[in-house]
Amino acid sequence: MTKNLVLALSGGVGGAKLALGLSHIVAPENLLIVANTGDDFEHLGLSISPDIDTLTYALANLDNQTLGWGRRDETWSFMETLATLGGPAWFRLGDRDLALHVQRTLRLKAGETLAAITADLTARLGIAARILPMSNDPVRTRVDTNEGILDFQDYFVGRQCQPEVKSLHFAGAEAARPHPDFRAALASPSLRAVIICPSNPFISVEPILALPGIRTALAACEAPVIAVSPIIGGRAVKGPTAKMMTELGLTPSAAAVAARYADFLDGYIIDHQDAAEAAGLTPRTILAATLMTTLEHKIALAQTALDLADSL
Ligand code: GDP
C-alpha cells in the first residue's frame, strides 16, 4: 500500500503556518489537519472555534497578517456598535469573521456536527485539504492560575495571559470521542507521517493528546511522528508558550517541548539557534530554519518535516 496520508496536529497561529506549507506539497486528498478545539467557547450566543478558524483563514489565504489573527480586509462596525450599546467588547469579532460564527452556530443548533460544518465552510472558502476538529464533542481548556480557575478565553484574551499558570485542565476530554476519521488516520496502513505542528504544547497540542486513546495510538502508529519546536532560542515566536513553561517550572527550550511528547516522538526539528540542545535529545533530531515568515519558509519547513519522516 502506498503511504501517502499526512496527518497534522495543529493549534492556531503557529500550527497554521506549517499546515499551510504542507497544503502546498501534499495532495489535498492526502492531507488531514486535525485542529484543537479546547479553545472553543460560546460568546454572544455564538459558537466560536478559534483554532479551526485560524487554520481556515490561513489555508484560504484570508488571514489577517497585520493583526496576526482574524480575517483579512476586516471591518469593525459590529464591535463598535456593540460597545456603544454597552455590550461586551473584550473579545473582538470583525464583521466578516462574525458571519462565519453565525453560520456555524445556526448549523450546530440545527443538529449538524462541527466536523460536517467545518468541511462545508472550508470548501466554500476554497480549501481543498481537510480541516477536522479533533472531536465533535465539547472539550474546554481551563487554566488554573494564581487568580483562580479561568475559562481559556478569559485567561487568553480577557486577561492577556497575565495570571500565573499553575496547571491546565481539559474539561470534557475524558468523555469526548476523537473524531472517527482522526482515529482511522492513526491506524491507517497508508499513513506516511504524523506532524505535530509548532503549536503551544500546553494549550494547543495537549488538549488533542488528552482525548481517550490518542497518546497510545500515536505511540503505536507505524508511521513516524515528527514535531517542530515552537520554541526558538528559548523564546516563543508569539504568545505565552515560554511564559507558561517558566510558570510550570520548566526551562523554556526546544528540549522541554520534546519531553512533553517523549512517549511517541520519533523525529524532532529544532532551529539552528538551538543546535546545542540536539545532542541531548532522544528522537532523531535535525536542525532547520524554523522561523516561518514567508510562504517559502512554510513550504520549506513542511518539506523538511516530510523528508525527516521519510528517512525514518
Ligand atoms: P494559537 O492557538 O493561536 O496560540 O497558536 P499555536 O498554539 O498553533 O501557536 C503558538 C506557538 O506557535 C507559539 O509557541 C509560537 O512560538 C509558535 N510559532 C509561531 N510562529 C512560529 C514560527 O514561525 N516557527 C516556529 N517554530 N514556531 C512558531
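Counting starts at 1 for both ligands and their atoms, following the listed order.
- Between Asp39 and Arg140 there is no salt bridge, since none of the side-chain N atoms of the basic residue sits less than 4.0 Å from a carboxylate O of the acidic one.
- Looking only at protein heavy atoms, the nearest one to atom 9 (O) of ligand 1 is Gly14 N, 3.1 Å.
- Nearest protein heavy-atom contact of atom 28 (C) of ligand 1 is Val237 CG2, 3.5 Å.
- Under the 4.0 Å criterion applied to side-chain N and carboxylate O atoms, Asp310 and Arg192 are assigned as salt-bridge partners.
- A salt bridge links Asp53 with Arg104: at least one charged nitrogen is closer than 4.0 Å to a carboxylate oxygen.
- Looking at Ile232 against ligand 1, only its side chain comes within 4.0 Å, counting heavy atoms.
- Each of the atoms 14 (O), 15 (C), 16 (O), 17 (C), 27 (N) of ligand 1 lies under 4.0 Å from some heavy atom of Pro230.
- Salt-bridge check for Arg177 with Asp137: passed, with a basic side-chain N closer than 4.0 Å to an acidic carboxylate O.
- Here the heavy atom of the protein found nearest to atom 8 (O) of ligand 1 is Ser199 OG, 2.6 Å.
- Among protein heavy atoms, atom 4 (O) of ligand 1 sits closest to Phe156 CZ, 4.0 Å.
- Each of the following atoms of ligand 1 lies closer than 4.0 Å to a heavy atom of Ala236: 16 (O).
- A salt bridge links Arg130 with Asp181: at least one charged nitrogen is closer than 4.0 Å to a carboxylate oxygen.
- In terms of protein heavy-atom proximity, atom 11 (C) of ligand 1 is nearest to Pro198 O, 3.5 Å.
- Looking at atom 25 (C) of ligand 1, its nearest protein heavy atom turns out to be Thr290 O, 3.4 Å.
- Taking only non-hydrogen atoms, the option from Cys161, Ala242, Ser204, Gly11 nearest to atom 7 (O) of ligand 1 is Ser204.
- By the criterion of a heavy-atom distance under 4.0 Å, neither the backbone nor the side chain of Asn36 is placed next to ligand 1.
- Regarding atom 5 (O) of ligand 1, its nearest protein heavy-atom neighbour is Val13 N, 3.0 Å.
- Listed by atom number, the atoms of ligand 1 under 4.0 Å from Asn200 heavy atoms are 6 (P), 7 (O), 9 (O), 10 (C), 11 (C).
- Contacts with ligand 1 closer than 4.0 Å are made by side-chain heavy atoms of Thr241 only, the backbone lying farther away.
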Checklist entry - Going through the distances and angles, do Asp263 and Arg215 end up as a salt bridge (charged side-chain N to carboxylate O under 4.0 Å, His left out)? => result CA-CA 8 Å; Asp263 46 327; Arg215 269 191 181 270; 2.7 Å; yes
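- For Lys17, every heavy-atom contact with ligand 1 shorter than 4.0 Å involves the side chain, none the backbone.
- Taking 4.0 Å as the cut-off between side-chain N and carboxylate O, Lys166 and Glu147 do not count as a salt-bridged pair.
- Atoms of ligand 1 lying under 4.0 Å from at least one heavy atom of Leu291, given by number and element, are 23 (O), 24 (N).
- Using a 30° and 60° split on the angle between ring planes, Phe156 and Phe152 fall in the parallel class, below 30°.
- For ligand 1, the atoms sitting less than 4.0 Å from at least one non-hydrogen atom of Gly15 are 8 (O), numbered in the order shown with element in parentheses.
- Of all atoms in ligand 1, numbered sequentially from 1 with element shown, those under 4.0 Å from a heavy atom of Asp51 are 2 (O).
- Nearest heavy atom pair, residue Thr56 against residue Ile127, reads O-CD1, 3.3 Å.
- At least one N or O atom of Met292, backbone or side chain, sits closer than 3.5 Å to an N or O atom of ligand 1.
- Side chains of Asp63 and Gln65: a donor on one and an acceptor on the other come within 3.5 Å.
- Proximity of the aromatic rings of Phe41 and Phe91 is defined here by a centroid distance below 6.0 angstrom, and this criterion is met.
- Contacts between Lys238 and ligand 1 below 4.0 angstrom, taking non-hydrogen atoms only, involve the backbone exclusively.
- Residue contacts with ligand 1 for Ser229 involve N, CA, C or O but no side-chain atom from C-beta outward (heavy atoms, distance under 4.0 Å).
- Closest non-hydrogen pair, Leu301 versus Ala288, comes out as CD1-CB, 4.2 Å.
- Between Arg284 and Asp266 there is no salt bridge, since no side-chain N of the basic residue sits under 4.0 Å from a carboxylate O of the acidic one.
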